[in-house]
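In listed order, ligands and their atoms are each counted from 1.
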Amino acid sequence: MNLQLTRFVSATSYPALSQTGFVLCSRSRFLFGVSPITTTSTDVAYQAPISPDTTTTYGVDQVLTSCPESNTLLDICYDWDRVPVPSSLKEFEKRWSNRHTPIDYSGVWRFRELFPFAPEEKIVTIGEGQTKLQQANVAAKFAGINAGNLYLQYEGLNPSGSFKDNGMTAASTHANMVGAKVTACASTGNTSASLAIYASVTGLFRCVVFIGSGKIAYGKLSQALDYGAATIQIEGDFDDALLRVREVCEQENIYLCNSVNPFRLEGQKSIMYRVLESLQWEIPDWIVVPGGNLGNSSAFGKAFMELKQLGLIDRIPRLAVINAQGANTLYQLYEEGGLRWNDGRPDVVKSDTFYTDMDEQNRRASTLASAIEINRPVNLMKCLRALDVCDGVVREVNDEQILDAKATVGAGGLGCEPASGASLAGAKLLREEGVIAPSDRVVCILTGHQLKDPTATVGYHTFNAKDKENALVKRGITQAQFTNRPTPVPNDLEEILKVVRGL
Ligand code: F0G
C-alpha cells in the first residue's frame, strides 16, 4: 500500500481572481509568529510547526501529522502576499450565483482563497457545507439569553450528518494531491462516517476506520458499514484506537485523516466563515463549541486570527469550549491547572504530569455524549492558542445537562446529537455565571445530526428514574426535564380517539 508523492504546488497554480473583485494583497506574511520560509518551500502554502522555536517548514506535498524536528503539531501557512484574497468578506457572496460549479457550490471551497493549498483541479468535494445558522428562541430562553440573540449553527446538515465533512473535504483533497490510495482514521463515529462517505462517493481511495468497541452510536456505525469502509473494532476506546491507527498509518504508509492532519483543520475554518456570512459579516460576541479532540476550536481560532491579520474583520469573538464532565482534560488543564498557550511555549510538564497521573489511575473517558468521549485531545496545544487568540473560556457540563439541552434544541429546531447539546448547556452555564450577558450575541455550534444517536434520544424521552437497568440511570442521571413520552394505546379506534382528543 504505497502512497505516491507528487510535488506540484507552486504559486502559478492559483488563478488571480482580480476581475471578480478578489485582489492580490500585500499583507503580513507570517501568522502566529512562525518564522519565514526556509529552504524547503517557495510555495504559496507550506506546513510549519506551531512551536515558535523551530524554523523548519515543509512543503504541502509532504504527508505529516507532526513536525519531525520539534514533534509539535503542524499548521498550514500561506504567503499571503501572493494569494488573491478578497478585499472584503462580502466579495465571497459573488460565488452564490455560480452554484452549478461544484467548488463554488461547496460551503467550504467557496471560501478557498482563505486556505489556498490546493490547485482547483485537485479539489475533492461532495457538496459539503450547505449548513444553516438559525435564530433559536426556545434555546435562548433555556439559556437565559435575550430573544433573538442566540443562534444555532446546524452542522448536522452536512452530507454525512456532522461537521466533519468540512474537514474531510480538505483532507480528501490533500490525499488526492499526494496520490493516496488508502486512507484511515480512528473515530468515535463521525470522522469514520465522513471519511467513508468521501471514499465511497469519489472512489478516489479506500478507507479503513478504527473504532473502540461499544463506543460508537449506531447511526454512525451504520454509515461506515453502509458506505463500505473496512471497519476495525478494537478492544478499547477512542484514545486507544487513535494511538493504534497512527502506528498503522506510519508503518503501512496509509494517509491519516484524523484532525492531527493539519489540512483537515483548514476546511473546518469554513464553519466560522459561514457563521459570519449568515450574520451578514457581523461578528458575534461568543462562539460556543463542544470540545473533544479539539480540532474545531483550534480551527476556529486560526480562522479568526487569520481574518484579523488579513484586515477582513476588526474584532475576534470570544470562544467557549465545552467539555463533557466525564471527558474533561481541557477543562482540568486550562481552568483548574492554569495551562496557557504562553506565546507558543506552554508548560508541557503540566500536561505530561496530568497524563501520567491519568494512566496511573487508569482514568478513562466516560460520557453519554460518545462523540466527545476522549481523554487525550490531540489538538490540545492548538486549542490553547485558539483560547489565547479568542480570549476563551472552558467549561464542563454533565450528561444530564447535555441531554436537557439536546432536548431543548430538538423541541425548537432541527435537532442534534448529544455532544452538540454540550454547546447549549455550556452557554446556559456561562450565562448563569454571568460570563455571558443576556444581551450578548451567542452562536452555539451543533456539530452532529439528531439521527446519529437515536438510542440516547429515545432513552431520554422514555426516561424512568426507577428503572435500574436504564442506561441513563446507570450514568447517574436522576431526571430528564423535557421528555416527550410515547403514549401506549390499544389497537382500538375509540381508545385512540380518546387519546387524540385529549391532546
Ligand atoms: N461533536 C461531534 C458530534 C463530534 O463527532 C466530535 C468529534 C466533536 C463534537 C468534538 O470535536 O474533536 O473538534 O473537539 N468526533 C470525533 C470523531 C472525535 O471521531 O468523530 P473536536
Inset, instruction - Count the heavy atoms of every other residue, nucleotide or ligand shown that sit under 6.0 Å from CD of Q361, and state whether that count exceeds 12. - result: yes

Inset, instruction - Determine whether more than 12 heavy atoms belonging to other residues, nucleotides or ligands lie under 6.0 Å from atom CG of N71. - result: no

Give one line per pair: atom of ligand 1, protein atom, distance. Only N/O to N/O under 3.5 Å.
unit_1, atom_1, unit_2, atom_2, d
ligand 1, 1 (N), T447, OG1, 2.7
ligand 1, 5 (O), N190, ND2, 2.7
ligand 1, 12 (O), N293, N, 2.7
ligand 1, 12 (O), L294, N, 3.3
ligand 1, 13 (O), G295, N, 3.0
ligand 1, 13 (O), N296, N, 2.8
ligand 1, 14 (O), G292, N, 2.7
ligand 1, 14 (O), N293, N, 3.3
ligand 1, 14 (O), L294, N, 2.8
ligand 1, 15 (N), K164, NZ, 2.9
ligand 1, 15 (N), T188, OG1, 3.4
ligand 1, 19 (O), S187, OG, 2.8
ligand 1, 19 (O), T188, N, 2.8
ligand 1, 19 (O), T188, OG1, 3.3
ligand 1, 19 (O), T191, OG1, 3.0
ligand 1, 20 (O), S187, OG, 3.3
ligand 1, 20 (O), T188, OG1, 3.4
ligand 1, 20 (O), N190, N, 3.0
ligand 1, 20 (O), T191, N, 2.8
ligand 1, 20 (O), T191, OG1, 3.1

Inset, instruction - Among residues two or more places apart or on two chains, list those pairs meeting ring pair (Phe, Tyr, Trp, His ring centres under 6.0 Å) that have a residue in residues 204-251. - result: none

Inset, instruction - Taking the side chain as every heavy atom from C-beta outward, state whether Y331 and I322 have any atom pair closer than 4.5 Å. - result: no

Inset, instruction - Identify, with sequence neighbours excluded, every residue that meets side-chain hydrogen bond (donor to acceptor under 3.5 Å, both in side chains) alongside N293. - result: none

Legend entry - Residue list, side-chain hydrogen bond (donor to acceptor under 3.5 Å, both in side chains) with Y334, at least two apart or on another chain: none

